[in-house]
**Q** 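Just dropping this structure here.
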Amino acid sequence: MTSDASGSGQTGEAAPDDFHATLHSLRVWDSPLPGFDTEAAPAEPVALFREWFVHAARAGQLEPHTMSLATVDEQGRPDVRTLMLHDADVRGWHFASHATSAKGVQLAGCPEAALGFYWPSVGRQVRVRGRVTACGPEESRADLAVRSRGALAAALTGRQSEVLASTQELARVSAAAWERAGAEPDAPAPTWTRYVLDPAEVEFFQGDAARRHVRLRYSRTAGGSWERELLWP
């Protein structure tokens, strides 16, 4: 009887380790990357972030507005997830979620948080740390009003991060929410909240194929101005 190497419990040559083979075959930044003249960087970080954001989008970076949000729970354990940026202005970086979600509860308990953006098409990262403030009902409602029907339908369920009994329950509740969102485009979602992260520190990272990465960190002083310093890669 001939052994089958792909069969469970059979003898013979082991099948290749697809995960490790794939992992170790990957390369980064094989294409030309933009430069980063830190001497020409603006005095405050939001202006540079907006410049880099537009550059990444025009360079073909998919979903440059997606970002990682890191928070901690009541036991000090870190948590992270991916969500969308809603704005970046003089107040800080804006995003939204339900106040009753895991991130909302964690931010209520400890409003210090961090954001991370990665745009591999241009080899750039941006890291932001600071204090998060929940906006009021009017601004939170306005945030939802400009989004899609699907976003409103998702918000109307209001049960983010709760345990789900089954996918059938999700389909039933979602269908009802979609119907209501179509019939009532101004339907209230009381727990939907817009948040703003007021930055205390922002780092800009430009990758380099020779690993001479350029890192520029902005740190806010006690007087509210910004200090800039280069970091070793």
Side-chain angles (χ1 to χ4, degrees), residues 44-47 49-50 52-54 57 63-74 76-118 126-164 169-202 220 224:
E44 54 86 23
V46 171
F49 174 82
R50 286 184 161 203
W52 275 28
F53 182 92
V54 172
E63 300 182 354
H65 59 317
T66 57
M67 61 186 186
S68 298
L69 168 67
T71 56
V72 295
D73 65 15
E74 60 183 3
R77 298 178 302 178
D79 205 351
V80 68
R81 73 288 288 164
T82 301
L83 68 168
M84 290 191 297
L85 176 72
H86 288 202
D87 200 359
D89 58 18
V90 294
R91 296 168 59 193
W93 277 253
H94 299 233
F95 59 94
S97 184
H98 288 284
T100 51
S101 68
K103 69 180 81 65
V105 172
Q106 290 167 7
L107 287 171
C110 178
E112 296 292 331
L115 301 174
F117 295 84
Y118 178 46
V126 181
R127 300 167 60 211
V128 189
R129 294 201 293 176
R131 191 173 185 85
V132 177
T133 300
C135 299
E138 184 176 345
E139 190 171 1
S140 296
R141 177 59 195 150
D143 175 272
L144 191 56
V146 298
R147 302 188 69 202
S148 66
R149 177 182 175 183
L152 174 58
L156 288 174
T157 64
R159 299 173 66 179
Q160 191 176 53
S161 303
E162 293 183 15
V163 175
L164 176 66
E169 181 184 12
L170 172 62
R172 176 179 56 79
V173 174
S174 176
W178 270 86
E179 183 175 353
R180 185 182 178 193
E184 301 178 57
D186 295 325
T191 60
W192 185 258
T193 305
R194 187 179 180 108
Y195 296 93
V196 183
L197 187 150
D198 182 21
E201 184 179 291
V202 186
R220 196 193 295 273

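We're numbering straight along the sequence, starting at 1. These values consider heavy atoms only, across backbone and side chains, with no hydrogens, waters or symmetry-generated copies.
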**Q** Using atom types as modelled and distance alone, determine if a side-chain donor or acceptor of Arg149 lies under 3.5 Å from a backbone N or O of Trp178.
**A** yes
**Q** Ignoring hydrogens, what is the shortest heavy-atom contact between Met67 and Phe95? Give both atom names and the distance.
**A** CE-CB, 3.6 Å
**Q** Closest approach of Leu156 and Ala189, non-hydrogen atoms and distance?
**A** CD2-CB, 4.3 Å
**Q** For Trp52 together with Phe117, are the ring centres under 6.0 Å from each other?
**A** no
**Q** Minimum heavy-atom separation for Val46 to Asp89, with atom names?
**A** CG2-O, 3.5 Å
**Q** Looking only at non-hydrogen atoms, find the nearest pair between Pro199 and Gly92 and report the distance.
**A** CD-CA, 3.9 Å
**Q** Are Glu162 and His98 packed together at the side-chain level, in the sense that at least one heavy-atom pair is separated by less than 4.5 angstrom?
**A** no
**Q** If you define the side chain from C-beta out and look only at heavy atoms, does anything of Cys135 sit under 4.5 Å from Arg91?
**A** yes
**Q** If every non-hydrogen atom of Trp192 is compared with every non-hydrogen atom of Ala155, which pair is closest and at what distance?
**A** CE3-CB, 3.9 Å
**Q** Can you tell me if CZ on Arg194 sees more than 12 non-hydrogen neighbours from other groups inside 6.0 Å?
**A** yes
**Q** Counting only heavy atoms not in Arg141 (residues, nucleotides, ligands), do more than 12 fall under 6.0 Å from its CZ?
**A** yes
**Q** Mark yes or no for whether Arg220, through its side chain, and Val202, through its backbone, hold a donor-acceptor pair below 3.5 Å.
**A** no
